[in-house]
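No hydrogens, no waters, no symmetry mates; every other heavy atom, side chains included, goes into these values. All chains are named by letter (A, B, ...) in the order of the sequence lines, taking the proteins before the strands, and each is independently numbered beginning at 1. Owing to the predicted nature of the structure, the values given are computational and were not obtained by experimental measurement.
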Number of protein chains: 2
Amino acid sequence: MSHLRYSRLMAVDRDQVLRSAAALLTRRSTATMDEVAKAAGISRATLHRQFAGRDALVRALEALCIAECEAALAAARPDEGPAVDAVRRLIAEIEPNAPLLAFLYSENQLFEGEEQNEGWARIDERVAALFTRGQAGGEFRIDLTPAWLTEALYGLLASAAWAVAEGRVAPKDFTHMIAELLFGGVLRRDDPAPRKES
Amino acid sequence: MSHLRYSRLMAVDRDQVLRSAAALLTRRSTATMDEVAKAAGISRATLHRQFAGRDALVRALEALCIAECEAALAAARPDEGPAVDAVRRLIAEIEPNAPLLAFLYSENQLFEGEEQNEGWARIDERVAALFTRGQAGGEFRIDLTPAWLTEALYGLLASAAWAVAEGRVAPKDFTHMIAELLFGGVLRRDDPAPRKES
DNA sequence: CGCAGATGAGACATGAATGTCTCATCCAAG
DNA sequence: CTTGGATGAGACATTCATGTCTCATCTGCG
């Protein structure tokens with residue numbers, strides 16, 4: 001049946017469009033549908049055939065980001081080994097998606113009363129669970145709530161992604177900067193923050 | 001001369017309008033000029049007479065925020081005593097303006113190529129100088145650049161302000177959460193993070 | 001009282017982005 | 001070759017926020 005190949009081709013195109021849209025909106029968060037279409041090398045009509053509107057496009061980007069964050073979460077093996085190392089792995093895994101995450105993070109403020117994608121809640125939960133595990137295992141201090149640590153991690157990821165995009169910090173320092181600040185804080189100590197991984 | 005009283009009254013009204021606009025835009029970043037006017041209890045015409053347009057309004061809010069951040073910076077006495085305490089004072093002083101800061105922080109992404117208010121550069125510089133002082137004095141670790149620490153502080157302030165607005169964390173923990181994470185990091189230690197102030 | 005200045009209400013035009021539509025073209029499968 | 005499906009180009013209407021304008025009203029002051 002031809003419509004099977006059709007579906008498959010559409011899926012491929014859709015993903016390519018989504019990627020280029022992510023790349024563009026990451027830089028220019030107010031880009032119009034016209035610009036998105038041009039950036040993807042397709043016409044606005046085709047873009048509209050794949051995504052009912054700008055809203056649908058952003059929702060699709062949200063779904064993509066959620067999927068990749070969940071993949072990152074899985075790849076980071078959050079239940080394995082010391083929580084410190086798991087968080088470090090998580091940051092490293094999320095790094096490629098940090099710009100998109102930052103875009104959606106600020107875009108969410110526009111989704112005022114509208115329903116939030118429940119995917120974020122799932123991710124929040126798993127990240128918070130990782131921090132909780134670290135606290136239970138005695139690795140992390142217990143006077144900062146997992147909810148705040150999760151929120152702070154998002155904030156640091158977004159800040160770092162933005163700082164890198166603006167050229168204020170070097171891209172190669174991304175993971176190290178976030179992890180070091182998150183783990184060790186800014187205070188100098190005689191007992192430096194332990195490095196469980198290389 | 002009547003126009004003197006007029007100027008004074010305008011100034012007062014202008015400030016009131018600015019405050020209510022800040023309060024509204026902090027919650028609904030996409031509020032229209034109509035909503036801003038209604039929130040301020042004036043008509044859209046009068047709002048337009050005081051601020052040429054939405055752009056001018058945001059610029060005015062930016063100027064207000066910069067002024068208050070500089071006031072907070074001054075009140076925090078960044079050159080006085082241990083840098084740790086100075087940063088803690090700074091966070092506490094900025095706290096009331098954190099929501100507005102968070103709004104402008106995300107709004108800045110829309111000011112793509114446009115000129116940035118040089119006030120932010122001044123503030124960045126002074127905050128970075130505070131971190132540099134802490135590093136020079138041996139209080140802060142030197143493997144994280146002052147530029148990144150400054151950026152991270154903004155990110156944490158914005159994250160915390162948003163988390164508080166969303167009801168995910170308690171408002172009273174604001175300063176403590178940020179300071180503790182920024183200073184001590186998340187790792188538990190035998191030697192806890194020193195508390196120079198209460 | 002009479003006036004000047006400020007305000008509120010609302011009409012109106014503008015511009016931008018969006019969503020919808022049609023039509024010509026192209027391409028690959030039959 | 002022929003045809004169905006996808007595409008690109010572009011016209012078109014719609015919506016929404018904005019910016020500008022006018023006019024009636026109100027208020028304080030002389």
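- Comparing dT22(D), dG8(D), dA17(D) by their closest approach to the side chain of Arg49(B) singles out dT22(D).
- Trp120(B) has its ring centre no less than 6.0 Å from the ring centre of Tyr105(B).
- Side-chain proximity of His48(A) to the nucleotides dG19(C), dT18(D), dA9(C) is greatest for dG19(C).
- One N or O on the side chain of Thr132(B) and one on the backbone of Ala128(B) form a donor-acceptor pair closer than 3.5 Å.
- In this structure, CE of Met33(A) is placed 8 Å from C1' of dT18(C), rounded to the nearest angstrom.
- In the interface, the side chain of Arg44(B) is paired with the base of dG19(D) through a donor and an acceptor atom under 3.5 Å apart.
- In terms of modelled atom types and a separation under 3.5 Å, the side chain of Arg141(B) and the main chain of Gln135(B) share no donor-acceptor contact.
- Of all non-hydrogen atoms in Leu187(A) and Phe140(B), the two that sit nearest each other are CD2-CE2, 3.7 Å.
- For the 3.5 Å distance criterion, the side chains of Glu151(A) and Ser159(B) fail to qualify, holding no donor opposite an acceptor.
- In this entry the distance linking CD of Gln50(A) with P of dG19(C) reads 15 Å, nearest Å.
- Within the nucleic acid shown, Arg54(B) comes within 4.0 Å of sugar-phosphate atoms alone, with no base atom in reach, counting heavy atoms only.
- In this structure, Leu47(B) places its CG atom 13 Å from C1' of dT7(C), rounding to the nearest Å.
- One can place CD of Gln16(A) at 11 Å from P of dT7(D), the figure rounded to the nearest angstrom.
- Between Asp34(B) atom CG and dG10(C) atom P the separation is 11 Å, expressed in whole Å.
- Whole-Å rounding puts the Ile42(A) CD1 to dA9(D) C1' distance at 14 Å.
- Of the two residues contacting DNA chain C, namely Glu35(A) and Ala45(B), the nearest-nucleotide position lying further toward the 5' end is that of Ala45(B).
- In this structure, of dT18(C), dG8(C), dG8(D), it is dG8(C) that holds the atom nearest to the side chain of Ser43(B).
- Taking atom CG of Asp55(B) as the reference point, atom P of dA17(D) lies 17 Å away to the nearest angstrom.
- Residue Thr46(B) has a polar side-chain atom (N or O) positioned under 4.0 Å from OP1 or OP2 of dG8(C).
- For the pair Asp13(A) CG and dG8(D) C1', the interatomic distance rounds to 14 Å; values are reported in whole Å.
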